[in-house]
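A quick write-up on the structure given underneath.
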Protein chains: 2
Amino acid sequence: MEEIDRAIVAALTTDGRQSYTDLAEKVGLSVSAVHQRVRRLEQRGVVKGYTARVSFEALDLPLTAFVAIRPFDPSQPDDAPVRLAHLPEIDSCYSVAGEDFYLLLVRVAGPVDLERVLQEIRTSANVTTRTTVVLSTPYEGRPPKISGEPSTRQRSRPAGETAGSTGG
Amino acid sequence: MEEIDRAIVAALTTDGRQSYTDLAEKVGLSVSAVHQRVRRLEQRGVVKGYTARVSFEALDLPLTAFVAIRPFDPSQPDDAPVRLAHLPEIDSCYSVAGEDFYLLLVRVAGPVDLERVLQEIRTSANVTTRTTVVLSTPYEGRPPKISGEPSTRQRSRPAGETAGSTGG
DNA sequence: GTTGAAACTCTCCTAAC
DNA sequence: GTTAGGAGAGTTTCAAC
């Protein structure tokens with residue numbers, strides 16, 4: 001992807017609601033050009049959507065924790081993500097390498113809710129849990145690398161080949 | 001916080017760029033009323049900003065990993081977050097309870113970059129690392145609980161007392 | 001705290017270069 | 001890629017309830 005597109009994405013990650021006028025000024029293009037690039041980024045799925053950054057403390061969810069889970073019976077079908085999807089306290093679910101199967105990020109009001117959610121996780125997905133409580137969050141969800149020129153970066157597919165493109 | 005404000009926050013978390021017209025229709029208020037509530041939520045810091053949700057694969061950052069760090073010398077001043085802030089590959093930094101001091105979420109292009117970032121983390125903050133590679137992400141950054149009525153939720157401070165309020 | 005209307009800005013499309 | 005124009009929609013403020 002081009003450098004100017006990365007700059008647009010970085011700007012939209014910092015402020016997803018800024019006007020195309022501001023965006024155009026930041027990346028040094030006209031409003032029309034920026035508008036067209038943003039539409040293309042959205043169509044290509046590079047920009048998947050927009051969301052508000054919220055204060056979880058203000059939402060009465062001051063306690064964050066990571067919950068590593070592994071199944072009681074590893075031979076059973078592994079559908080923990082779908083079995084846990086109904087729990088609104090789970091912010092994110094990562095399938096991970098290592099001893100654990102999944103790593104969950106949960107946000108609750110306090111220890112009492114955490115205990116309840118852990119019980120619900122265990123019973124819903126038939127798993128054991130190992131919980132790491134977050135004490136503070138120095139930073140979270142920072143904008144991705146603005147990066148002008150990739151130097152040491154390896155590629156996952158041969159150069160010149162693009163996924164899903166047949167020439168149109 | 002009121003139920004209607006929570007509904008607004010939930011809607012903005014799902015789509016941070018929707019118009020006040022749509023927002024008003026969803027929560028059953030007029031456009032002006034919704035607009036005023038959103039402004040108050042922003043001023044109170046409940047809504048801290050807006051950001052684009054991006055595809056890290058499309059940004060050539062397909063490899064996500066959790067990096068748990070702990071210092072070589074625990075007696076040294078603990079300023080790892082600031083010493084690591086210059087690394088754009090670090091998405092989030094959590095101070096955690098347990099054996100480790102911090103848990104980092106990093107996003108890179110591949111194993112080669114991961115190795116480089118790990119070395120930079122170790123040298124920048126004088127820490128050891130234990131890395132957990134993310135294989136896939138079933139879901140991430142889900143909207144927080146919409147919640148109409150808190151039942152089992154405990155409070156972190158006495159009812160009727162609000163932080164920073166002296167009567168204004 | 002809510003409503004409705006007016007003024008303004010921005011988005012979005014079109015056309016020509 | 002750029003500039004220019006313009007219709008429509010959305011944002012923001014204002015006065016009144």
Side-chain angles (χ1 to χ4, degrees), chain A residues 1-55 58-60 143 146-149 160 162 165 167-168, chain B residues 1-54 58-59 143 146-150 159-168:
Chain A
M1 194 171 59
E2 300 178 9
E3 181 180 359
I4 197 144
D5 278 338
R6 300 188 83 94
I8 290 175
V9 171
L12 285 177
T13 305
T14 304
D15 181 3
R17 247 186 165 179
Q18 62 188 301
S19 67
Y20 292 115
T21 305
D22 294 344
L23 212 49
E25 192 172 348
K26 287 179 183 174
V27 303
L29 263 63
S30 68
V31 175
S32 300
V34 166
H35 187 217
Q36 189 175 358
R37 279 175 179 267
V38 171
R39 285 191 62 178
R40 283 191 56 208
L41 288 170
E42 291 172 351
Q43 289 174 354
R44 289 165 49 196
V46 179
V47 174
K48 295 190 291 185
Y50 302 88
T51 175
R53 291 186 293 111
V54 301
S55 166
L59 290 176
D60 286 329
I146 313 172
S147 104
E149 36 204 357
T162 57
S165 172
Chain B
M1 194 170 58
E2 300 179 10
E3 182 179 358
I4 197 150
D5 279 337
R6 301 189 82 94
I8 290 175
V9 170
L12 285 177
T13 305
T14 304
D15 181 4
R17 246 186 167 180
Q18 63 188 299
S19 67
Y20 291 115
T21 305
D22 294 345
L23 212 49
E25 192 171 348
K26 287 179 182 174
V27 303
L29 263 64
S30 69
V31 174
S32 299
V34 166
H35 185 219
Q36 190 175 357
R37 279 174 180 265
V38 171
R39 286 192 63 179
R40 282 192 56 207
L41 288 170
E42 291 173 351
Q43 289 175 353
R44 288 166 49 195
V46 180
V47 173
K48 295 190 290 185
Y50 302 89
T51 174
R53 290 184 295 110
V54 301
L59 290 177
I146 313 171
S147 102
E149 37 202 356
E161 185 176 281
T162 56
S165 173
T166 56

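Proteins get letters first, then strands, A, B, ... in listed order; numbering begins at 1 in each. Here the structure is a predicted model, which means the values were calculated and not measured.
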What does nucleotides 11-17 of chain C look like as a protein-contact string, B for base, S for sugar-phosphate only, - for none, at under 4.0 angstrom between heavy atoms? SBS----
ring-ring contact (aromatic ring centres under 6.0 Å, His included) pairs, two or more places apart, involving residues 17-43 of chain A: A:Tyr20-A:His35
Using a cut-off of 4.0 Å on non-hydrogen atoms, how would the nucleic acid contact of A:Ala33 be classed: base, sugar-phosphate, or nothing? sugar-phosphate
Heavy atoms only: give me the nearest B:Gly45-A:Ser55 pair and the separation to one decimal. O-CB, 3.2 Å
Partners passing salt bridge (Lys or Arg N to Asp or Glu O under 4.0 Å) against A:Glu42 (at least two apart in sequence or in another chain): B:Arg17
Got a sec, which pairs hit salt bridge (charged side-chain N to carboxylate O under 4.0 Å, His left out) with one end in residues 29-39 of chain B, sequence neighbours left out? B:Glu2-B:Arg37, B:Asp5-B:Arg37
For A:Ser30, check side-chain contact (heavy atoms from CB on, under 4.5 Å) against everything at least two apart and list the hits. A:Ser32, A:Ala33
Could you tell me from which nucleotide to which nucleotide of DNA chain D, 5' to 3', there is an atom under 4.0 Å from chain A heavy atoms? D:dG1 to D:dA4
Residues which pass side-chain hydrogen bond (donor to acceptor under 3.5 Å, both in side chains) with B:Lys26, listed by chain and number, not counting sequence neighbours: B:Gln18
With B:Thr21, which residues qualify under side-chain contact (heavy atoms from CB on, under 4.5 Å), at least two apart? B:Ser19, B:Val31
Can you name the side-chain contact (heavy atoms from CB on, under 4.5 Å) partners of A:Thr13, sequence neighbours left out? A:Val9, A:Pro143, A:Pro144, B:Thr51, B:Val54
